[in-house]
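Written below as structure tokens is the structure these notes are about.
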Amino acid sequence: QVQLVESGGGLVQAGGSLRLSCTASGSTSGSTFSSLAMAWFRQAPGKERDVVAAINWVGDSTYYPDSVKGRFAISRDNDKNTLYLQMNSLKPEDTAVYFCAARYPGTDYDYWGRGTQVTVSS
């Protein structure tokens, strides 16, 4: 099993920055974490959960939807079993609960954190 815990959310003014972290624990080892593809999703009230960034197990391939491209950056430190999301130039529409997710290659995102709230005030 993989347990994921997010941190770093909070309240920020529009134009500000936040960095989210997601630490994997439980039965993971460093080699296990480095085998996982990881992603950040977000869900605003009344909306579906959407991916905002994804990274492969090596960390050399990333994906961003147009809504956050150029503002968000995903990265990982496999030595620390930690995933990051640097969010810059935040907008009120970025307000949501942000979730960390993990999957083994060829599978769906089966492992999820509980989420961290990000609120961007105008």
Side-chain angles (χ1 to χ4, degrees):
Q1 285 292 331
V2 176
Q3 288 85 47
L4 303 173
V5 178
E6 304 94 337
S7 62
L11 174 64
V12 64
Q13 289 187 333
S17 298
L18 281 175
R19 189 175 84 153
L20 306 183
S21 298
C22 171
T23 302
S25 61
S27 61
T28 60
S29 65
S31 61
T32 300
F33 179 79
S34 64
S35 300
L36 294 166
M38 306 288 296
W40 289 96
F41 288 75
R42 70 184 179 189
Q43 187 168 22
K47 296 188 176 181
E48 294 185 351
R49 189 176 297 188
D50 294 321
V51 61
V52 294
I55 191 167
N56 68 347
W57 64 279
V58 176
D60 62 357
S61 178
T62 57
Y63 163 80
Y64 305 95
D66 289 342
S67 58
V68 306
K69 196 173 294 183
R71 299 189 299 121
F72 289 11
I74 189 171
S75 61
R76 64 190 296 161
D77 186 337
N78 288 343
D79 291 335
K80 296 182 178 179
N81 290 359
T82 302
L83 178 74
Y84 303 99
L85 183 67
Q86 178 66 44
M87 304 185 294
N88 300 323
S89 302
L90 283 162
K91 305 175 181 180
E93 51 263 44
D94 294 319
T95 295
V97 178
Y98 284 70
F99 299 88
C100 170
R103 65 179 180 86
Y104 288 102
T107 67
D108 294 329
Y109 285 102
D110 292 327
Y111 305 101
W112 294 84
R114 293 188 173 184
T116 185
Q117 176 70 47
V118 171
T119 303
V120 184
S121 63
S122 58

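Along the sequence shown, the residues carry numbers beginning at 1.
- Between the side chains of D77 and T82, no donor N or O sits under 3.5 Å from an acceptor N or O.
- Both V12 and V68 belong to a common hydrophobic cluster when Ile, Leu, Val, Met, Phe, Trp and Tyr are linked at side-chain heavy-atom distances under 4.5 angstrom.
- Side-chain N or O atoms of E6 include one that pairs as donor or acceptor with a backbone N or O of R114 at under 3.5 Å.
- Within the model, atoms OG of S122 and CD of Q13 stand 9.5 Å from one another, a figure rounded to the nearest 0.5 Å.
- Taking the side chain as every heavy atom from C-beta outward, S17 and Q86 approach each other to under 4.5 Å.
- For the pair C100 and W112, the minimum side-chain heavy-atom distance is 4.5 Å or more.
- Listed by first then second residue, pairs satisfying disulfide (SG to SG under 2.5 Å) with a partner in residues 54-96 number zero, not counting sequence neighbours.
- Ring geometry for F72 versus Y98: interplanar angle of 30 to 60°, hence tilted.
- Within the 4.5 Å cutoff, the side chain of T23 has no heavy atoms near those of the K80 side chain.
- For the pair I74/W40, a side-chain contact is recorded, criterion being any heavy-atom separation below 4.5 Å from C-beta on.
- A distance of 8.5 Å separates OG in S34 from CG in N81, rounded to the nearest 0.5 Å.
- Q43 has its side chain out of reach of D50: every pair of non-hydrogen atoms, C-beta onward, lies at least 4.5 Å apart.
- One distance of note links CD of Q117 with CZ of R42; it measures 12.0 Å at 0.5 Å rounding.
- Note: the hydrophobic cluster containing L85 also contains L90 (ILVMFWY, side chain heavy atoms under 4.5 Å, direct or indirect links).
- The shortest non-hydrogen separation linking A54 to Y109 is CB-OH, 4.1 Å.
- Looking at every heavy atom in both residues, V2 comes nearest to A24 through CG1-CB, 4.5 Å.
- Side-chain atoms of D110 and R103, non-hydrogen and from C-beta on, never get closer than 4.5 Å to each other.
- A cation-pi arrangement, defined by a distance under 6.0 Å to the six-membered ring centre and an angle within 45 degrees of its axis, is absent between R71 and Y64.
- Under the 3.5 Å distance criterion, the side-chain polar atoms of Y63 are left unmatched by any main-chain donor or acceptor of V51.
- For the pair R49 and F99, the cation sits on the ring face: its NZ or CZ lies under 6.0 Å from the ring centre, inside 45° of the axis.
- W57 CH2: 12 or fewer foreign heavy atoms inside a 6.0 Å radius.
- A heavy-atom distance below 4.5 Å is not found between the side chains of T95 and V118.
- Among residues two or more places apart in sequence or in another chain, the side-chain hydrogen bond (donor to acceptor under 3.5 Å, both in side chains) test is passed with D66 by K69.
- Residues L83 and I55 have side chains in contact (heavy-atom distance under 4.5 Å, counting atoms from C-beta outward).
- A102 meets the side-chain contact (heavy atoms from CB on, under 4.5 Å) test with L4, L36, M38, Y111; sequence neighbours excluded.
- Not one N or O on the side chain of T119 forms a donor-acceptor pair closer than 3.5 Å with the backbone of L11.
- Residue D60 places its CG atom among more than 12 non-hydrogen atoms of other residues, nucleotides or ligands, all under 6.0 Å distant.
- Side chain of R76 to main chain of F33: a donor-acceptor pair is present (N/O by atom type, distance under 3.5 Å, no hydrogens or angles).
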